[in-house]
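Structure, as structure tokens:
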Amino acid sequence: MNIKTLLASLTLEEKAGQLVQLPPYFFKKEALQEVAGPVQRLKLREQDIFLAGSVLGIGNPQEMKDVQSAYLAKSRHKIPLVFMADIIHGYKTIFPIPLALAGSFSTQNFYRMARASAAEATLSGIHVTFSPMADLVKDPRWGRVMEAYGEDPYLAYHYAYAMTQGYQGKSIKNQDSLAACIKHFAAYGAALAGRDYAQASLSLHDFYQQYDAGYRGAVDAGVRMAMTSFNVFEGVPATIHQTLLRKILRKRMGFKGVTISDYDSIIETVVHRVSVDDQDAVRQALLATVDIEMASGAYIKHIPTLVKHGLIDIELIDQAVLRVLKLKKDLGLFANPFKGANIEKEKSFPLSASQLTIAKSLADESIVLLKNHRHLLPLVNQKIALLGNLSNSGALLGPWSWHGNRDLTPSLNAVLKPFIQHSVEDVQKWSDPFKQQIKAADVLVVMTGEEEKESGEARSKTHPVLADQTIQFIKQLKPLGKPIVLIVTAGRPLVLSAIVDDVDAILYSYFLGSQAAYTITDTLLGKNNPSAKLTMTFPRRVGQIPIMYNHLNTGRPFLGQNFTYTSHYIDESNLPLFAFGDGLSYTTFQLSHFKDVSSLEDIQFSLEVKNTGTRAGYAIIPVYLDQPFAPVALPNRQLVGMEKRWLQPQESQIFIINIDRQFLTYIDRDYQRQNLKGKLSFVTVDGATTLSIQKEI
Ligand code: BGC
């Protein structure tokens, strides 16, 4: 297929159609009357809809085949539709939410998740996933932190890179490869006060120094698409921001692929009061080189008029259409418009034993042990009472798992049953007979946190804490004198200060996906040794938000409560409740011999790590650049390398940690990236141990 020849044969309307994405129900005639919102407002006609070039969200392979067949039957040039969907942390087999998996400090795990997701989702005839989501996040009030990797740019870069490689495989032409789409460009995670869709509150310097890392990672890995964000960035809605998309994304970062708006975000620039009307919004988006418009259909409606009136150069449209046709060609859709869709295999492969094994091992590496007073965990032969409002819930998949089946996801109660004496999930049942019952137990396990619908898109909170009812419940348990294990299932860091001293152990599970209950059970009982670390700081109080490890120094650091004019609160400590990198294990590690073993090309440090406990487990060793000096203020600490290995009890290993030079840089006053020079300090930290090295660069 020669796409330039094909382009030349298209009418202006057909070209505009290639640049529009609609949901699948638009292609079913009976649904047309029901279409609400912008589509109704724009008065799209049936022939407009059958010009669209791509589809958003498809239910199953049969639906894909039906929509593609109906479309091709009506299409003059038979250019296949490309099907796109949000496969964020699994298709039917659901893996941990990205914020949880981020805690495994393993790029390989993100590669595995993306590969396993692509192998399932492609069977439905999906060709592009709107993932990775690489927005840097520092504010747990924002509901979408669950989709992100946390507050660290090094992790964001490498995780987005690994996910892109995992989805796309060796070639997007392969049957089991998805094209990846990096989102949301740009700085959507910096939403002011954590309120979704609000303006990004950051400086351009912050953007280049920290926030762009995830997007760069995906671009460097060859990501094929990029999605614009809903927010205003540097005064202009990102979707129509010419500097952002042309100069930063395409030129500075070197992105060569297709751009797509977020859902209706082009016409929403009218509501921002930056576009006069829909037509003006379309014009501005085209000038910014947004190739595909998601959802509203305004491109079909307005592109022909804009070109005919000379308000948009046809060359701009041609370039966008060529990029879309190239994607379709590279995906192999001209050769096989039904690529991937496999009705039989889609019934048997998702949720198969091999897929669930991956889900289980990723969940095992994602659960975080935040507290373990007197080594209460793991439980050995104790009589357990399982309590808490989520103990009987199969809703452990988390947001953005629309193909996941809650009915097939076991609750903790179902899996832990053989070990449980009494189970009570409802606080209302608190009564004397119940108290008598739990008196017979040796340990109380309380599973609580957030419902799935409390995090994700448009789920911002002013008060990300445990519910009052839950806090009261735990306070009522305390006088019984039994040790309490708290399991928190949530899509964000919750402020746990109200109960942290009332419980003996805390397992933070986030949403671990299809195998959540098995991982939690195995961790409680010691078959899984927890190893994950936090990638978002947990505040003590909501008023500390945003709080993160990699903040800038101040000229007036905190010196103690007697020094008034220092950077501190008068009603709370500066410290978080749990810091970035916190996370315990059932074993302990001893670090020693931190040495510089760099070659001419690579900066490398070696370290001896010994498992000093009685259980095998993963040791995660981070290396940070510490207190760098530069012509601009830089974060006081920055992760620059890491290594993770499995150690048997009493085993010692030499870890070799590669330092990523990209993170030994700073953004100068003209926003250019420069290498740091001179003597740099590096530290590695595990619990109370900190080892450091100075190195001349
Ligand atoms: C979200 C995107 C998502 C899109 C399509 C939007 O509301 O912001 O992340 O990819 O919907 O589902």
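For ligands, and for the atoms within them, numbers begin at 1 and follow the listed sequence.
- Under the 4.0 angstrom criterion for non-hydrogen atoms, Met227 is in contact with ligand 1.
- For a threshold of 3.5 Å applied to N or O pairs, the pair formed by Trp400 and ligand 1 contains no separation below that value.
- A cation-pi arrangement is absent between Arg216 and Phe255, since the terminal nitrogen or guanidinium carbon is not both under 6.0 Å from the aromatic centre and inside a 45° cone about the axis.
- On a distance-only criterion, Asp262 and ligand 1 share at least one N/O pair closer than 3.5 Å.
- The cationic atom of Lys453 (NZ for Lys, CZ for Arg) does not lie both less than 6.0 Å from the six-membered ring centre of Trp402 and within 45° of the ring axis.
- Counting atoms of ligand 1 from 1 in the listed order, those under 4.0 Å from a heavy atom of Arg144 are 1 (C), 2 (C), 8 (O), 9 (O).
- Between Asp196 and Tyr188, the side chains place a donor N or O and an acceptor N or O closer than 3.5 Å (distance only, hydrogens not considered).
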- request: Kindly indicate, with the supporting measurements, whether the criterion ring-ring contact (aromatic ring centres under 6.0 Å, His included) is fulfilled by His403 and Tyr91.
  value: CA-CA 6 Å; His403 279 107; Tyr91 171 66; 4.3 Å; yes
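- Less than 4.0 angstrom separates some heavy atom of Lys183 from each of these atoms of ligand 1: 2 (C), 3 (C), 9 (O), 10 (O).
- In this structure, a donor-acceptor pair under 3.5 Å is absent between the side chains of Thr462 and Arg141.
- At under 3.5 Å, not a single nitrogen or oxygen of Tyr263, backbone or side chain, sits near a nitrogen or oxygen of ligand 1.
- Within the structure, the closest approach of Met133 to ligand 1 does not fall below 4.0 Å when heavy atoms are considered.
- Heavy-atom proximity to His184, at under 4.0 Å, picks out these atoms of ligand 1: 2 (C), 8 (O), 9 (O).
- Residue Glu457 has at least one nitrogen or oxygen atom sitting less than 3.5 Å from a nitrogen or oxygen atom of ligand 1, judged on distance alone.
- Within the cation-pi definition used here (under 6.0 Å to the ring centroid, within 45° of the axis), Lys74 qualifies as a partner of Phe50.
- Against a heavy-atom cut-off of under 4.0 Å, Phe130 is close to the following atoms of ligand 1: 10 (O).
- Using modelled atom types, one finds no donor on one side chain facing an acceptor on the other under 3.5 Å when comparing Asp262 with Thr228.
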